[in-house]
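One structure is given here, and the rest of the page talks about it.
Quick caveat, the model's predicted, so the values are computed rather than measured. In listed order, ligands and their atoms are each counted from 1.
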Amino acid sequence: MMTLSAPLLALLWLVQVVCSAFPEEPGPLSSIPTEVVRKYPVFLGRPHRSSLRQEPLHIQRILQVNRTLYIGARDDLFRVELDNVVGDEMFYSKKRTWESNKNDISICRMKGKHENECRNYIKVLLSRQGGLFICGTNAFNPLCANYTGDTLEMVGETVSGMARCPYDPKHANVALFAEGNLFTATVTDFLAIDAVIYRSLGDSPALRTIKHDSKWFREPYFVNAVEWGPHIYFFFREMAMEFNYLEKVVVSRVARVCKSDMGGSQRVLEKQWTSFLKARLNCSIPGDSHFYFNLLHSTSPILHLHGRDIILAVFSTPSNSIPGSAVCAFDMEQLASVFDGRFKEQKSPESIWTPVADELIPKPRPGGCAVQGSKFNSSNSFPDEMLNFVKTHPLMDEAIPSLGQRPWIVRTMVRYQLNKMVVDTNAGPHGNRTVLFLGSSRGTILKFLVVPNQDNTAPNNNVFLEELEGYNPEKCGQDTPQARQLLSLTLDSNSHTLLLAFPSCVVRIPVARCQLYSRCMKNCISSRDPYCGWTRGSTCSFLRAGTRLPFEQDVDHGNTSYLGDCDGKLTLGSPFLASPPIPKTHRTGFCLGYPASGSS
Ligand SMILES: *[C@@H]1O[C@H](CO)[C@@H](O)[C@H](O)[C@H]1NC(C)=O
Ligand SMILES: *[C@@H]1O[C@H](CO)[C@@H](O)[C@H](O)[C@H]1NC(C)=O
Ligand SMILES: *[C@@H]1O[C@H](CO)[C@@H](O)[C@H](O)[C@H]1NC(C)=O
Ligand SMILES: *[C@@H]1O[C@H](CO)[C@@H](O)[C@H](O)[C@H]1NC(C)=O
């Protein structure tokens, strides 16, 4: 007799959870053939068609400012005019090389780093007072500088990139300017041990998180930062400290600091945040056995949707679990209110984490912002007792619930992991449709229509409109998993295109492909694509917001029962339009057959 091992039992349990708890996941209404996608324009780091590029690009960051796209790569910075694209390639109008000097490179090599690591990878690329603020890893000796936006020339001296930019190009970091201060989240040292949220370069004093305190950070991976009200919010994931498990568990978090923080007293938290608090993000599928998506990958900016300020976030399961991704929404009001709730603590290293009793919380409330005109008008004057409490209790007890307490979109048992997203909240002819574009670890783009439900919480009738492979191996070069890693997904609403940044290229893809449904009205209507409508002259046209064109569409129902079938001859141009959703055979197979063959 064979006994099942503990991991196998755990897996069996997970399979049961997944197969019972996960909602149905219909396939896309249209799968776009690669021939269509391969025609879209690509940026390859060339000034014109006849030039050659010897070296791969190693793109790190892109930044759109009005009609200009800036691309930060390894040792190079490019400027591309978004309105000057003709044909199938985007060329740069300006290129500036910023290499590390010989001395920095030789020190980097002496410290045992590889030649490829001892280069200048641009990891911070921000717009600043008409120009650019840029930081590069500079051969493990990070530097920052101002650059002009038009000619891409460095202005003034370089400043240290320490605590503003990682040393290692592989590390995730975030940066933003708010009220003239630079807020960064990164690691400050060569060995990448000291993680930090840091404020600098403005009129306010420089502040940081406590060094080497695992209550504040434990191997964080920073994803995004946003300004909202008096705070800056940082989204990240890290090793949990609040579970008494033996194994390491990663959880997703949001932390916040007050923009007006001046640091603590001379005795406690001097030159450190007095307002740093963090809470867990709860993106899970409710049910008998709760299923969590613990790994945060990216977030949207704050969106104003259905009268709320919300933020959307893409999560996945860890690699040793059932492969799955989810999009959860968080209401900023609800999110902020968790920071007014209870604090979590561990009374002794052996005890479990519990909420702190209200009567033990000092006054004024720890983690708050100093209020002008009050007794405590600056954080320097906060009592030591309160500062000591913040220092030792950065974690909130409650997790931030997702809007509607379930994900907006779930994808499980698919080959890819979702990790990027961008939202168009002004889609369609009336500019009132919400379309969500998701990007995967292998360059797949998924397009969803978000259909609000009655109480505007967790719409579960979202429509999976399109799926396409965004990476173009023919033009971008290699076809490896690394090459297909989507670095960022942005929307240029002016030209109705998506910009997909990969390490070796940027691909520009229209938000819709209405012409594919042009042969037949039934295909156009059943696409349910809010960007497309059947217009005069019997064609399926792209509909700009505020269009005057008379059109027909049925985004809500895609009802075509009144229309005859598309004539076989006419639909030849779009044979991929399999109207019934693509069956999810792989998933059914998993739920029925697994793991019967795994016991050999
Ligand atoms: C960079 O530009 C900002 C704003 O224009 C200015 O305040 C700052 O001094 C500049 N820094 C350097 C190093 O030139
Ligand atoms: C804070 O209050 C003190 C008196 O309590 C006053 O002297 C000081 O100017 C105030 N500071 C600010 C920044 O308002
Ligand atoms: C996450 O939210 C669900 C409700 O959707 C709740 O049942 C669960 O306890 C929450 N988890 C945490 C850690 O708060
Ligand atoms: C969008 O606006 C149009 C015209 O004002 C209206 O008829 C339609 O119901 C709106 N759709 C949604 C989803 O709000």
Tell me, yes or no, whether the heavy-atom count around Asn66 atom CG, taken from other residues, nucleotides or ligands under 6.0 Å, exceeds 12.
no
Asp203, CG: over 12 other non-hydrogen atoms inside 6.0 angstrom
no
Should Phe330 and Leu281 count as side-chain neighbours, where that means a heavy-atom distance under 4.5 Å?
yes
Side-chain contact, heavy-atom cut-off 4.5 Å: Tyr221 with Glu238?
no
Is there any N or O on Asn282 that sits under 3.5 Å from an N or O of ligand 3?
yes
For ligand 1, which atoms, with element, lie under 4.0 Å from some heavy atom of Asn146?
1 (C), 2 (O), 3 (C), 8 (C), 10 (C), 11 (N), 12 (C), 14 (O)
State the atoms of ligand 1, each with its element, that fall below the 4.0 Å cut-off from a heavy-atom position in Gln129.
4 (C), 5 (O)
Record the part of His290 in heavy-atom contact with ligand 3 below 4.0 Å; permitted values are side chain, backbone, both and neither.
side chain
Side chain, backbone, both or neither: which applies to Glu398 and ligand 3 if a contact is any heavy-atom pair less than 4.0 Å apart?
neither
In a single word, yes or no, tell whether Cys135 and Cys144 have an SG-SG distance below 2.5 angstrom.
yes
Do Cys524 and Cys532 have their SG atoms less than 2.5 Å apart?
no
Could you check [atom] against the protein and tell me its nearest heavy-atom contact, residue, atom and distance included?
atom                    : result
atom 11 (N) of ligand 3 : Tyr292 OH, 2.7 Å
atom 4 (C) of ligand 3  : Gln405 OE1, 3.7 Å
atom 8 (C) of ligand 4  : Asn432 ND2, 3.8 Å

Does Arg253 make a cation-pi contact with Phe217 (under 6.0 Å, within 45 degrees of the axis)?
no
Among Glu157, Met154, Arg128, whose heavy atom sits nearest atom 7 (O) of ligand 1?
Arg128
Give me the atom names and distance for the closest heavy-atom approach of Phe276 to Val390.
O-CG1, 3.9 Å
Protein contact for atom 14 (O) of ligand 4 (heavy atom, distance under 4.0 Å)
yes
Could you list which atoms of ligand 3 come closer than 4.0 Å to a heavy atom of Arg280?
13 (C)
